[in-house]
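Here's the structure we're looking at; comments come further down.
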Amino acid sequence: MLDQKLLRQDPEAVRDALARRGYVFDVEAFGTLEAQRRELQSQTEALQHARNSHSKAIGQAKKAGESVQPLLDEMAQVGQQLKEAEEKLAATQQSLTALLEQLPNLPHESVPMGATEADNVEVRRWSTPPEFDFKPRDHVDLGDINGGLDFASGAKLSGARFVVMRQGIARLHRALAQFMLDIHTQKHGYHEVYVPYLVKPEALYGTGQLPKFADDLFKIENHDHPLHLIPTAEVPLTNLAAGEILEADQLPLGYVSHSPCFRSEAGSYGRDTRGMIRQHQFDKVELVQLTRPDDSYAALERMTGHAEFVLQQLELPYRVVTLCGGDMGFAAAKTYDIEVWLPGQDAYREISSCSNTEGFQARRMQARWRNPETGKPEPLHTLNGSALAVGRCLVAVLENGQQADGRIAIPQALQPYMDGREWL
RNA sequence: GGAGAGGUGGCUGAGUGGUUGAAAGCGCCGCACUCGAAAUGCGGUAGGUCUUAACGGGCCUCGGGGGUUCGAAUCCCUCCCUCUCCGCCA
């Protein structure tokens with residue numbers, strides 16, 4: 001949710017900022033609704049005031065033993081008017097909210113202009129893609145050779161975009177998650193959290209997935225109380241702060257969680273249909289930070305560095321790109337994607353996405369901190385980043401570590417998590 | 001799943017229809033006393049929103065939603081959650 005004060009004071013600035021991410025904001029429609037809301041609200045409140053003071057007077061008159069009938073007669077009218085005014089106001093507020101909750105976050109000034117992936121800007125590269133004296137296979141072929149990546153069984157059990165992993169590869173998958181968790185808790189100071197994988201609609205509203213992106217989620221009809229499978233642990237982790245007022249000395253607060261993620265990927269038919277790049281279910285180690293507003297951009301750099309550190313330890317070449325306005329997610333003000341080198345695709349592919357949402361999610365979920373300078377609760381800033389997507393990381397380890405004979409070299413840092421094995 | 005008890009401010013906890021957004025205590029902040037601290041005394045201390053240059057003022061909020069009433073923390077309906085006992089279970 002955007003800051004409503006800003007929206008009222010300077011809607012043109014909001015329109016211009018949103019235009020940078022390709023969103024068209026109808027200033028006039030907003031202005032009309034907002035004026036209507038203002039008018040109805042003051043009308044309603046005046047009537048409520050009349051009701052309150054009359055009721056109070058009736059109480060006092062009764063106590064004093066005076067007649068209350070004249071006051072009751074006056075109230076008969078006010079009651080009807082108030083009911084009508086309240087209904088009109090509620091309807092207007094509903095339309096206004098419906099409009100506001102569709103608006104994506106404003107891009108930070110450092111976010112490059114552009115509409116698509118092609119306009120993202122590379123920030124840096126680490127290491128160089130490995131040279132092979134044979135034609136590198138992709139992970140699907142490598143998984144076949146090792147017998148551990150079983151897409152047929154995944155399809156048999158659950159349909160397309162599900163996988164069964166076995167033996168060494170299942171073990172490697174588990175090792176990667178453990179390895180990442182240990183790094184972030186021990187080296188980067190994150191607080192480890194185990195979260196529910198089913199959450200209420202309110203939580204998804206807080207982080208911005210609902211109401212706009214319901215089609216991308218799996219929904220469980222649970223009597224009258226629907227639950228959704230989390231598309232990322234960002235949802236439960238960030239919502240831990242929902243409705244809370246944190247003290248300044250508690251910030252920054254960093255959470256890490258390993259969880260499965262469930263995405264119906266409604267809009268992605270035909271993309272990445274081969275292999276496990278795009279699955280309905282995948283594991284991820286997620287970082288979330290809650291920070292003071294003046295610290296959030298420094299925190300974004302730190303967090304991106306934390307994700308990069310995992311790839312460095314695994315000796316996987318990558319690059320970091322700044323997403324352009326048009327490629328950013330709904331809630332993000334600025335996003336760095338980390339793209340790992342995949343020899344099987346001869347390309348860099350996204351393995352992490354680190355975003356600062358500033359106060360966008362915090363306002364939706366009322367996550368606040370007490371600003372010592374004002375003494376008031378103010379929205380804090382929330383950040384989230386994958387560190388990393390475990391499934392895609394597995395793909396990267398397989399493809400980058402492959403040998404001509406189909407064996408896979410296990411990165412040294414990971415070997416302690418694999419019983420000391422050097423090869424898969 | 002069965003039976004019962006509850007959900008009130010940062011916390012504990014009073015409040016069963018009328019100046020109660022809410023007693024009291026704890027905590028926190030300020031002031032006084034003190035060389036300083038403790039103890040003590042006095043005062044202050046929920047959130048949201050609208051309005052105002054500011055002071056201030058209006059409205060909303062006592063788990064969520066709905067209802068009764070001139071008026072609801074208080075009565076009714078409904079949902080959610082917590083606790084205790086029993087059953088079941090990893």
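These numbers come from the heavy atoms of this one structure, side chains and all, not from hydrogens, waters or symmetry mates. Letters A, B, ... are given to chains in the order of the sequence lines, protein chains preceding strands, and every chain is numbered from 1.
- A 3.5 Å limit on both hydrogen-bonding distances identifies no Watson-Crick or G-U partner for B:rU20.
- Under the 3.5 Å distance criterion, the side-chain polar atoms of A:Gln9 are left unmatched by any main-chain donor or acceptor of A:Leu6.
- Base pairing of B:rC89: no nucleotide in any strand meets the Watson-Crick or G-U wobble criterion (both distances under 3.5 Å).
- For B:rG36, there is no paired base (Watson-Crick or G-U wobble, both distances below 3.5 Å).
- Nucleotides B:rC62 and B:rA23 place their C1' atoms 14 Å apart, quoted to the nearest Å.
- Classification of A:Asp294 and A:Arg292 as a salt-bridged pair holds, one side-chain N sitting under 4.0 Å from a carboxylate O.
- Applying the ring-ring contact (aromatic ring centres under 6.0 Å, His included) definition to pairs two or more places apart or across chains, none involves residues 71-95 of chain A.
- For the C1' atoms, the distance linking B:rG87 with B:rG2 amounts to 8 Å, nearest Å.
- Exactly one residue among A:Gln81, A:Glu84, A:Lys83 makes a side-chain contact (heavy atoms from CB on, under 4.5 Å) with A:Leu47. That residue is A:Gln81.
- For residues 71-106 of chain A, no residue pair satisfies the ring-ring contact (aromatic ring centres under 6.0 Å, His included) rule, not counting sequence neighbours.
- Under the ring-ring contact (aromatic ring centres under 6.0 Å, His included) criterion, the residue pairs touching residues 280-315 of chain A are A:His108-A:Tyr297, A:Phe162-A:His280, A:His188-A:His306, A:His188-A:Phe309, A:Tyr190-A:His306, A:Phe218-A:His280, with sequence neighbours excluded.
- A:Arg37 has a carboxylate O that lies under 4.0 Å from a charged side-chain N of A:Glu34, or vice versa, which qualifies the two as a salt bridge.
- Look at the C1' atom in both B:rG7 and B:rU69: the space between them is 25 Å, to the nearest Å.
- At the heavy-atom level, A:Arg37 lies under 4.0 Å from the strands shown only through sugar-phosphate atoms.
- Listed in residue order, the members of residues 240-251 of chain A having a heavy atom less than 4.0 Å from RNA chain B come to none.
- Between the A:Ser355 side chain and the A:Asn384 main chain, no donor and acceptor come within less than 3.5 Å of each other.
- Comparing the C1' positions of B:rG13 and B:rA24 gives a spacing of 8 Å, expressed to the nearest Å.
- Between the C1' atoms of B:rA73 and B:rC60, the separation comes to 15 Å (whole Å).
- For A:Gln345, the side chain to side chain contact (heavy atoms under 4.5 Å, CB included) partners at least two apart in sequence or on another chain are A:Ile277, A:Leu342, A:Ala347, A:Arg349.
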All N/O donor-acceptor pairs, side-chain side in residues 11-23 of chain A, below 3.5 Å, sequence neighbours left out:
residue : atom : partner  : partner atom : Å
A:Arg20 : NH2  : A:Val111 : O            : 2.6
A:Arg21 : NH1  : A:Asn105 : O            : 2.9
A:Arg21 : NH1  : A:Ala332 : O            : 3.2
A:Arg21 : NH2  : A:Met328 : O            : 3.1
A:Arg21 : NH2  : A:Gly329 : O            : 2.7

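- With sequence neighbours excluded, no residue forms a side chain to side chain donor-acceptor pair (under 3.5 Å) with A:Thr291.
- Nucleotide B:rG27 forms a pair with B:rU45, judged by Watson-Crick or G-U wobble geometry with both contacts under 3.5 Å.
- Two residues, A:Arg368 and A:Ile58, neighbour RNA chain B, and the one matched to the more 5' nucleotide by heavy-atom proximity is A:Arg368.
- Of the C1' atoms belonging to B:rC70 and B:rG17, the separation is 12 Å, rounded to the nearest Å.
- Rounded to whole Å, the separation between the C1' atoms of B:rA3 and B:rC77 comes to 22 Å.
- When both distances must be under 3.5 Å, the Watson-Crick or G-U wobble mate of B:rC75 is B:rG67.
- By the 4.5 Å heavy-atom criterion applied to side chains, A:Asp119 and A:Asp327 are not counted as neighbours.
- Remark: B:rU82 base-pairs with B:rA5. Criterion, Watson-Crick or G-U wobble with two distances under 3.5 Å.
- For A:Arg302, the salt bridge (Lys or Arg N to Asp or Glu O under 4.0 Å) partners are A:Asp295, not counting sequence neighbours.
- A residue-by-residue look at A:Gln60 and A:Gln4 shows that A:Gln60 has its nearest nucleotide of RNA chain B further toward the 5' end.
- Between A:Lys5 and A:Asp10, none of the side-chain N atoms (NZ, or NE/NH1/NH2) sits under 4.0 Å from a carboxylate O, so this pair counts as no salt bridge.
- B:rC83 and B:rU40: their C1' atoms are spaced 40 Å apart (whole Å).
- If you check residues 38-56 of chain A against RNA chain B, the residues with a heavy atom closer than 4.0 Å are A:Arg38, A:Gln41, A:Glu45, A:Gln48, A:His49, A:Arg51, A:Asn52, A:Ser55, listed by number.
- Near RNA chain B, meaning a heavy atom under 4.0 Å from it, residues 194-210 of chain A has no residue at all.
- On the nucleic acid side, RNA chain B has its first and last nucleotide under 4.0 Å of a heavy atom of chain A at B:rG18 to B:rC80, going 5' to 3'.
- Base pairing analysis places B:rC55 opposite nothing; no Watson-Crick or G-U wobble pair with both distances below 3.5 Å involves it.
- With sequence neighbours excluded, no residue forms a side chain to side chain donor-acceptor pair (under 3.5 Å) with A:Thr304.
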